[in-house]
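Please read all numbers here as calculations on a predicted model, not as lab measurements. Protein chains get the first letters and strands the later ones, always in sequence-line order, with residue 1 at the start of each.
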Amino acid sequence: MSSADIYREIILDYYRNPRNYGKIENPDISKRDSNPLCGDELEMHINLKNNLVSDVKFTGKGCAISQASASMLTELIMGKDFEYVKKLTKEDILENLGLPDLGPARIKCALLSLKVLKYGIYSYVSEKLNDTTSADKIKEEASGLF
Amino acid sequence: MSSADIYREIILDYYRNPRNYGKIENPDISKRDSNPLCGDELEMHINLKNNLVSDVKFTGKGCAISQASASMLTELIMGKDFEYVKKLTKEDILENLGLPDLGPARIKCALLSLKVLKYGIYSYVSEKLNDTTSADKIKEEASGLF
Amino acid sequence: MQTSTINIENIRRDFPILQRKVRNNKPLVYFDNAATTQKPIQVINSIHNYYLNYNSNIHRAVHQLAEEATAAYELTRDKVAKFINIKNREELIFVRGTTEAINLVSYSWGRQNVQKGDIVLTTEYEHHSNIVPWQLLTKEKEAKLEYIGVDDNGELILDQLNAYLDTGRVKLVTFSHMSNVLGTITNADEIIKQCHKKGVKVLVDAAQSVPHMKVDLQKLDCDFFAFSAHKMLGPTGVGVLWARKAILENMQPFNGGGDMIREVHKYETTWNDLPYKFEAGTPNIADVIGFSAALDYLENIGMDKVREHEIELTKYALEKMLTIKGIKLYGTPDMKKRGGVISFNLGDIHPHDLATIIDEDGVAIRSGHHCAQVLMERLDVSATSRASFYIYNTKEEVDVFIRSLNRAKELFRI
Amino acid sequence: MQTSTINIENIRRDFPILQRKVRNNKPLVYFDNAATTQKPIQVINSIHNYYLNYNSNIHRAVHQLAEEATAAYELTRDKVAKFINIKNREELIFVRGTTEAINLVSYSWGRQNVQKGDIVLTTEYEHHSNIVPWQLLTKEKEAKLEYIGVDDNGELILDQLNAYLDTGRVKLVTFSHMSNVLGTITNADEIIKQCHKKGVKVLVDAAQSVPHMKVDLQKLDCDFFAFSAHKMLGPTGVGVLWARKAILENMQPFNGGGDMIREVHKYETTWNDLPYKFEAGTPNIADVIGFSAALDYLENIGMDKVREHEIELTKYALEKMLTIKGIKLYGTPDMKKRGGVISFNLGDIHPHDLATIIDEDGVAIRSGHHCAQVLMERLDVSATSRASFYIYNTKEEVDVFIRSLNRAKELFRI
Ligand SMILES: Cc1ncc(COP(=O)(O)O)c(C=O)c1O
Ligand SMILES: Cc1ncc(COP(=O)(O)O)c(C=O)c1O
């Protein structure tokens, strides 16, 4: 993909005016991670109600791709069923971003938010729901992202 | 040098029938060293009387060159003035052995005995004669051998 | 120019150095393969090609050269995983060689897990690389280093293993999968079974086995496994440590620096994921990439074929050597239990003198203690001569070697 | 294609990779030299030639290949000694790179000499390689790691050094001779003078200085000195640690194994002479030999010329960059105090995005924390972009880079 394709108006807008930026007090799900290669940081907070995502926020530092990706991800899952959220894939995220063909050097930026989300769900499912079978599967998916 | 030049009758004879092989009880000079590359070992004992070498013996394990060299060295210094012994050089040893042109891989074998001798003299001069200036010079010569 | 198993003529064409003449214009007969092997043109060109076309530091930049170099570097990890049949590529750590791999385990795992009074158990036929790190560790920890003995056939006396295990103090058993002096192939399965029964960890020094026979880590089931690229057609400066993920995750880092961190702050730091946690600093990028080509080369021939070829050559050499009066051979005559390494002494010719003489005939062997002085003490010799074979060696070369041994005898008048 | 000081056209012909086209057929503009430099054909061929003609393990065999390989390997040691002007070649230890060199000092010297309550003093502009090893050491020893601050010009605040020295608890001061992010050249003479007045040892991380300016160790008078071959035209996988003989002789070994021993017995072992005591296992023979050619190449140009060329290029680039609105440059504008490394940010474009965009124009720079997260915290940025120059870079390439920065601005609509 060329830069002109990547840095479209919408990506820049989400980078400069991130939706759902901030924190939730005492969230049901809370996870922070960083990309050791580039130093990008991301923290995500989620509340659940009746198995739906009732609120979601993120904070972070990083490139346009990672921050836009995180912000768009929060919009994608807001109000959604938890089962749907659990099943989100790499491809879903890249499509949602409109960046299906990112090269190997930058795909990690786009997927950091999904990784944080999955590790957050993993902690929630294993610690709060005590469902270790599902949890292990999710952890494996998360660590397989990059 | 070709092997035929190196392994002349006389070298083999000194290898198989080493002169002055053995130990001296309570020698004035006693030193042991080994070549870390090939594992050859050598120990040399010397007695001095009126500044002359009154007795010298060696023990060791190793190749024909190192053992013949050691044995021939003991013969070379027996009865000699200590000043003469102190001044022996690499060239003296190689000439005495009749192997002036040994290659880099084997020259260490030929010089191990001189190294042990010099370190022995070093200890003697510094500890028993308390002559640190001469001692330091001898030590430098020894460590410069290989 | 042929054993029954592989096409040596084709193979030899890939090794330009074998065309070389040494000393007095003699064709090179390279029998020093246990020290390091020669490299096929594919490996040499792969390094060349890297520097000509895509040299770059890896992992942390987005430009094209970095992308290409990173992909090639990581591809080698995948190939190693396949070569020794392990599932998790992140369990593979690139190091300089077997020596560094073992030291890494000693520093990172050993200092955490070996306490005062504990025993680290090694064997009498180890390379110094699998002795000295444990001497340093056990001295620091006031623990003990003990040795499984070697019998007159050059095999380990496994009864002694059980006696040590019964003390309940053994924390690690570490042994060479194939002796670099005797060629003995260790009964690794048995040792590992006994150790794991008691929950004792096992390190396998595979420096001499992985290059010469098929090794399947899912079957071997050890805990740590180390080998060197340069002994299996690969470049110098590359080695591999494998260890189980669960163990690596609980180990302290070894070297600190770039690449092995997640976040560095002034007073605290977190570690990167495996395997990077153990790969501090700029790695030996070019040579890791070059190692890929070596693995491809060996896969192409097939490790079973490599082993068969060496058995045939070793048998041939042993038979011929036995006809030389005054020769003493070390190690077992049972070909199933040994690799293509032959240690010997000839009359009272010191190995150093022997090596010098046959070098004149173009034959390169090794002489000395082979970094195995403990074994030399056990064998009650100060040194041996060692001929070791690889895929490009031929029976004709063995014949040259035998003729040269006879010349040495004449020179020494025995 | 010319600065006033060196003949770049001739130099560029020696670097085949510079003819390469990247991305959409754009000529490569390689400005990532602080990460690793490209290699001249002389270096590439020297490695090639080693493997084609005299590959062998070293130090312990008598055959001709071993003799030749040993001589070539040891020749590099002599050349390094000459290059940094030291008297005793046995004070030079070959390692994998700067990172391993610093870890060696931390493990071998540090664990012996740093005790509870002691201070190791580093700086805020260090590479992780000169922070993490000391974090590991001071944590183990319950000692403290402290930092000399960086002022707004990107220079060290040396008053803080004296305050720390006055505590009497400082055992080691360790700093980068040239910052890999800011390009600042440290006032090493002053630091070393102050430290030695109080008997405090000094380690100089010369990874970024030795490649880019003349360094004379007899003048510098530090105690430990480390650098990497791959940052100065040499192969990956080779670095150098220098330390004073008296210090090395009293240090415990680092890695244990072959080559570093004198005599190994079951329960006690003695060490080899310097430098071998610290070179355990088969070293990276081919690449140490290749490093010779890199040293020759730089000697041929002359390090003063290298420095002049970089100053001219850096000046030129800084002037052009300052005309770009919204650019923020880090580090001192005083060319006498800086090398050819330029860190910057452009508007709100994240360095990663910037690097991706200009990579499309063939320009390879680095973006991120540059293994200097402590400095990023100090600068209050998460990352910077970094362009770094070497002998083969030209003003024309700087022009391409500048045009590319302007394109990035347009894409980001700033
Ligand atoms: C059995 C064994 N272990 C360890 C080593 C050390 O390997 P390296 O020198 O590549 O670190 C060797 C070879 O020298 C070996 O034969
Ligand atoms: C100042 C500085 N120190 C240390 C290092 C680490 O060098 P290496 O990765 O070669 O070990 C680098 C380069 O990455 C550096 O720039």
Side-chain angles (χ1 to χ4, degrees), chain C residues 16-17 20 22-23 32 35-36 38-39 44 47-48 51-53 55-57 60-65 96-97 99-100 103 127-129 131-133 135-136 147 228 230 235-237 255-258 261 263-264 266 269 280-282 284-287 352 355-356 359 364 366 368 371 373-374, chain D residues 16-17 20 22-23 32 35-36 38-39 44 47-48 51-53 55-57 60-65 96-97 99-100 103 127-129 131-133 135-136 147 228 230 235-237 255-258 261 263-264 266 269 280-282 284-287 352 355-356 359 364 366 368 371 373-374:
Chain C
I17 202 173
R20 196 182 151 177
V22 285
R23 298 299 178 202
D32 194 14
T36 200
Q38 298 304 335
K39 324 301 173 197
I44 303 173
I47 298 167
H48 207 72
Y51 283 126
L52 290 179
N53 290 304
N55 168 63
S56 164
N57 217 320
R60 273 184 324 268
V62 302
H63 56 73
Q64 180 169 2
L65 300 186
R96 180 170 37 247
T99 303
E100 193 185 25
N103 279 278
H127 190 279
H128 291 161
S129 295
I131 292 179
V132 183
Q135 288 181 332
L136 291 170
Y147 293 79
S228 302
H230 71 93
T236 56
N255 289 334
I261 56 88
E263 286 180 29
V264 174
K266 275 189 174 176
T269 283
T282 303
N284 187 353
I285 303 167
D287 294 328
H352 253 69
T356 293
D359 172 49
R366 189 139 297 227
C371 296
Q373 290 188 326
V374 168
Chain D
I17 201 172
R20 196 184 148 176
V22 286
R23 298 299 178 202
D32 194 14
T36 199
Q38 298 304 333
K39 324 302 174 199
I44 303 173
I47 298 167
H48 207 74
Y51 283 126
L52 289 180
N53 291 303
N55 168 65
S56 164
N57 216 321
R60 273 184 323 267
V62 302
H63 56 73
Q64 181 169 2
L65 300 185
R96 179 170 38 247
T99 303
E100 193 185 26
N103 279 277
H127 190 279
H128 292 161
S129 296
I131 291 179
V132 182
Q135 287 181 333
L136 292 170
Y147 294 81
S228 302
H230 72 93
T236 56
N255 289 334
I261 55 88
E263 285 180 31
V264 174
K266 276 190 176 177
T269 283
T282 304
N284 187 354
I285 303 166
D287 294 329
H352 254 68
T356 294
D359 173 48
R366 189 137 297 225
C371 296
Q373 290 188 325
V374 168

Handout entry: Interchain contact, D/I44 with chain C, by part (heavy-atom threshold 4.5 Å)
Key =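 The answer is both parts of D/I44.
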Practice task
Heavy-atom distances under 4.5 Å only: say whether D/D32 touches chain C with side chain, backbone, both or neither.
Solution key: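 For D/D32, the contact with chain C is made by the side chain alone.
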Counting heavy-atom pairs under 4.5 Å with chain C, which one of [options] comes out on top?
options               : value
D/Q38, D/E263, D/H352 : D/Q38
D/T36, D/N284, D/I47  : D/N284
D/N57, D/V22, D/I131  : D/N57
D/S56, D/G237, D/A355 : D/G237

Handout entry: Heavy-atom pair of closest approach, residues D/H63 and C/R366
Key = NE2-NH2, 4.1 Å
Using a 3.5 Å distance criterion without hydrogens, assess whether the side chain of [X] forms a donor-acceptor pair with backbone atoms of [Y].
X      : Y      : answer
D/Y147 : C/K266 : yes
C/T236 : D/I285 : yes
C/E100 : D/A280 : no
C/D359 : D/Q64  : yes

Exercise for the section: Please flag which part of C/L52 lies under 4.5 Å from any non-hydrogen atom of chain D: side chain, backbone, both or neither. Expected result: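 The answer is both parts of C/L52.
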